[in-house]
Amino acid sequence: MWYTIRMKQTKPVHEAPTARQEKVILRRIRAIDTEIRSGSYPNTSELAKKLEVGVRTISRDIEEMKLFYNAPLAFWLSQYTA
């Protein structure tokens with residue numbers, strides 16, 4: 001006797017964002033860039049509060065800025081120590 005197993009179809013893990021999602025991401029990236037250029041040196045929690053998203057979202061956006069837009073972003077410990 002043979003049994004057939006049906007696999008549940010799932011969405012791919014890394015779906016491309018829709019046009020609307022892409023616009024939202026780009027707005028966040030522009031807001032992050034503006035904050036950094038203002039010289040306030042924000043951290044991810046400050047940016048997350050200001051932009052009303054999670055810290056992980058900000059971290060992903062910063063990584064995207066580094067990888068796809070070649071943004072020279074780095075953390076300098078001396079900036080925060082006396």
Side-chain angles (χ1 to χ4, degrees):
M1 189 178 257
W2 292 91
Y3 294 97
T4 57
I5 300 173
R6 291 188 188 183
M7 300 295 289
K8 183 179 177 183
Q9 289 191 354
T10 59
K11 293 182 180 179
V13 176
H14 300 288
E15 276 190 17
T18 63
R20 182 181 172 141
Q21 291 170 331
E22 189 67 32
K23 286 180 185 179
V24 171
I25 293 168
L26 290 174
R27 284 185 190 137
R28 270 197 322 264
I29 287 175
R30 189 158 80 198
I32 293 169
D33 182 59
T34 302
E35 281 294 312
I36 292 169
R37 287 178 189 260
S38 73
S40 64
Y41 301 105
N43 59 28
T44 53
S45 7
E46 291 170 359
L47 288 168
K49 278 184 186 177
K50 185 169 187 166
L51 299 175
E52 299 177 352
V53 293
V55 173
R56 290 179 67 191
T57 300
I58 296 295
S59 297
R60 281 192 298 267
D61 290 345
I62 289 173
E63 283 302 311
E64 184 170 331
M65 291 171 74
K66 288 179 187 178
L67 293 173
F68 298 111
Y69 300 105
N70 296 322
L73 301 174
F75 174 77
W76 287 292
L77 187 59
S78 63
Q79 185 73 30
Y80 296 98
T81 57

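Below, each value reflects all heavy atoms present in this structure, side chains not excepted, and no hydrogens, waters or symmetry copies.
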Should V53 and L26 be counted in the same cluster of Ile, Leu, Val, Met, Phe, Trp and Tyr side chains packed under 4.5 Å apart?
yes
State the CD1-CD1 distance between I32 and I62, to the nearest 0.5 angstrom.
5.5 Å
Does the side chain of T57 pick up a donor-acceptor pair with the side chain of R60 at under 3.5 Å?
yes
For the student: nearest non-hydrogen atoms of T44 and S59, plus distance:
CG2-OG, 4.0 Å
How far does OG1 of T34 sit from CZ of R30, to the nearest 0.5 angstrom?
7.0 Å
Tell me whether S40 contacts the main-chain N or O of E35 through its side chain, where contact means a donor paired with an acceptor under 3.5 Å.
yes
Near K23 NZ, under 6.0 Å, is it more than 12 heavy atoms from other residues, nucleotides or ligands?
no
Closest non-hydrogen atoms of Q21 and T18, given as atom of the first, atom of the second and distance, are OE1-N, 2.8 Å
Heavy atoms of E64 and I29 approach each other most closely as OE2-CD1, 3.9 Å
L73 side, atom CG; K66 side, atom NZ - distance, nearest 0.5 Å:
6.5 Å
For A31 and L51, work out which heavy atoms get closest and say how close.
CB-CD2, 3.6 Å
Would a single hydrophobic cluster contain both Y69 and L47, if residues Ile, Leu, Val, Met, Phe, Trp and Tyr are joined by side-chain heavy-atom contacts under 4.5 Å?
yes
